[in-house]
Amino acid sequence: MEIVIGVVLVVIAVVATAIVTTSYQKKVTAATIGNAEDKAREIIDEALKTAENKKREGLLEVKEESIRTKNELDKEIKERRAEVQRFERRIQQKEENIDKKADAIEKKEASLIAREEEISRQKEKIAKLNEERVQELERISGLTSDQAKEYLLKIVEDEVKHETAVLVKELETRAKEEADKKAKEYVVNAIQRCAADHVSETTISVVQLPNDEMKGRIIGREGRNIRTLETLTGVDLIIDDTPEAVVLSGFDPIRREVARIALEKLIVDGRIHPARIEEMVEKAQREVEMMIKEEGEAAVLEVGVHGIHPELVRLLGKMKFRTSYGQNVLKHSIEVAQLCGLLAAELGLDIRLAKRAGLLHDIGKAVDHDMEGSHIQLGSELCRKYKESAVVINAVESHHGDVEPTSLISCLVHAADTISAARPGARRETLETYTTRLKQLEDITNNFKGVEKSFAIQAGREVRVMVVPDQINDADMVLLARDISKQIEAEMEYPGQIKVNVIRESRVVDYAK
């Protein structure tokens, strides 16, 4: 029993302990749950507050964004309205301009219609007058039929002349505009790219002496030294009062150069007698020949032309001592060759062939002192002799217009030769030649019917022709200027071109009383 009681007590104790433990745990659990619920309610409240705040902030942002969007839309709408208003104003202005133009066109059409009506009335009046004139002519034609026919032919001739003059002037103007535009472009480009010096040659050379005593030694006993020197060189020695100088005079520049070199060598050597003079002249001749060869080779090298026969090269060097109107012929030939090359490059032609033709165009001037014939004939013969091409031969023959050019290169040589000869300072003319040309120019123009007087001005580059107004009308002026220019081209030789300026002046005088 005691064991049972002990077991019961133990059981009761365990149960009681369990009950107490359970109630305690329930209390602890309830307390914990209460605290958790409180925290949960606090968290929920806090979350609700935060959500409410966020909601208010979101609403505020949305409201601000909507306000900003509305402002931007209002601004864009205002800009669009302003732009539309500008377009409307522009369209309105254009409509007003169109209306004005339409009014102007209507007025112009009305004036044109009125003018056409006036013209038609004038035509009718003119037709009526012509009919009356024809009737009057028919009435008075009883004199002779030939007279009436001649009168009618004169009227027709005047009308045809007027129409021809107008047509010629129009065609010439149109052709000159096109041709001048291209020609000026090519020629100016060529001239700008070609550098040329101004030369002036004379027919005398001056040799400086160390002292005046040397003049006596040059003359020699009874003048034998000077006679020997003049005989061997073919040059005249002028020994005058000029201090310390001797003048060599001669038309052959090669002989003059030989004499100059020989005399300078004699002066340096000091031994002047006939045998020594002969020796020095021979040395000078050899030096000049070598100089001629070197100058020819230098010219060929400067131009850039190869394959020329050595004899032609020597003749080119000989042209260094040849002048034409004071212009050195070799320098002129080099200049023409360079201009031909530049012009050929502009036109897309063979540059080397153009330079070759330009360099050899005056080759005849190297021998025209020694052979009969013009330099054109001699030059063409030399080119044929040394197997130059047909283009080069034709360029030599046609560069002064004696023969018709057969190629564009021949035309370029003619143009380049004119440019080189006509540029300022290139050539020098004597006073007699200059005055003769001016007089010839005025004589040609004065011989035309209706010319009152004429004046050659600007060194013969222009002629001004004053005509009688009663005999020459405006249409006749065009034909007169053309006829004068054609006759000048046919009868005169001149560098460059001559401007023909025809002037017609009509005056009507009255007095107010």
Side-chain angles (χ1 to χ4, degrees), residues 196-299 301-302 313-334 365-367 369-370 425-431:
D197 52 0
H198 295 248
V199 297
S200 177
E201 302 290 342
T202 61
T203 58
I204 62 171
S205 298
V206 178
V207 178
Q208 298 296 327
L209 303 178
N211 50 61
D212 286 336
E213 295 178 1
M214 186 62 68
K215 292 182 180 180
R217 299 178 62 184
I218 292 172
I219 295 172
R221 184 180 299 175
E222 298 179 356
R224 63 177 185 174
N225 291 343
I226 191 171
R227 281 198 304 272
T228 303
L229 189 58
E230 289 180 343
T231 302
L232 292 174
T233 59
V235 175
D236 294 332
L237 270 72
I238 302 174
I239 300 177
D240 51 16
D241 296 335
T242 305
E244 298 181 357
V246 173
V247 177
L248 306 178
S249 176
F251 289 102
D252 190 333
I254 296 179
R255 291 183 178 182
R256 198 169 65 247
E257 183 68 12
V258 170
R260 185 186 66 80
I261 294 174
L263 186 57
E264 288 180 351
K265 288 181 177 294
L266 288 169
I267 292 170
V268 172
D269 185 65
R271 295 172 293 173
I272 305 176
H273 52 81
R276 190 65 177 171
I277 291 172
E278 185 175 354
E279 181 183 349
M280 289 300 179
V281 168
E282 290 178 357
K283 285 184 179 181
Q285 288 174 344
R286 288 195 296 271
E287 285 188 15
V288 171
E289 283 295 326
M290 183 63 65
M291 187 186 305
I292 288 172
K293 182 180 178 182
E294 291 175 353
E295 289 293 336
E297 292 173 350
L301 184 62
E302 180 179 352
V313 174
R314 190 186 74 83
L315 292 176
L316 283 173
K318 195 175 178 181
M319 288 196 300
K320 175 181 172 61
F321 302 99
R322 173 76 159 82
T323 59
S324 177
Y325 293 99
Q327 185 180 27
N328 186 281
V329 177
L330 180 59
K331 291 183 180 293
H332 165 68
S333 298
I334 294 172
K365 290 185 178 180
V367 295
H369 283 317
D370 306 323
R427 293 190 171 185
R428 183 185 68 248
E429 292 183 284
T430 62
L431 179 61

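Predicted, not measured: the structure shown is a model, and the values here were computed from it.
Distance CZ/Arg217 to CG/Asn211: 8.5 Å, rounded to 0.5 Å. Rounding to the nearest 0.5 Å places CD1 of Ile219 at 10.5 Å from CD1 of Ile272. With values rounded to the nearest 0.5 angstrom, Leu330 atom CG is found 13.5 Å from Lys318 atom NZ. The distance from atom CD1 of Ile226 to atom CD1 of Ile239, rounded to the nearest 0.5 Å, is 4.0 Å. Glu278 CD to Thr231 OG1: the interatomic distance, rounded to the nearest 0.5 Å, is 11.0 Å.
For the side-chain contact (heavy atoms from CB on, under 4.5 Å) with Glu287, the qualifying choice from Lys265, Glu282, Glu257 is Lys265, the only one to do so. Test Met280, Met291, Lys283 against Ile261 for side-chain contact (heavy atoms from CB on, under 4.5 Å) and you get one pass: Met291.
Ionic pairing of Glu279 and Arg271 is not present here: no N-O contact between side-chain nitrogen and carboxylate oxygen is shorter than 4.0 angstrom. Looking at Glu222 and Arg227, no side-chain N of the basic residue comes within less than 4.0 Å of a carboxylate O on the acidic one, giving no salt bridge. Taking a cutoff of 4.0 Å between a charged side-chain nitrogen and a carboxylate oxygen, Glu264 and Arg260 qualify as a salt bridge.
Counting heavy-atom neighbours within 6.0 Å of Lys293 NZ, excluding the residue itself, gives a total of 12 or less.
Residues Val246 and Val206 are not in side-chain contact: their nearest non-hydrogen atoms beyond the backbone lie 4.5 Å or more apart. With contacts defined as side-chain heavy-atom distances shorter than 4.5 Å, the pair Met319/Glu295 does not qualify. Counting only heavy atoms from C-beta outward, the side chains of Ile292 and Lys320 never approach each other to under 4.5 Å. Considering only heavy atoms from C-beta on, Asn225 stays 4.5 Å or farther from Leu266 through its side chain. By the 4.5 Å heavy-atom criterion applied to side chains, Val207 and Met214 are not counted as neighbours.
In this structure, the side chain of Glu230 engages the main chain of Leu237 through a donor-acceptor pair within 3.5 Å.
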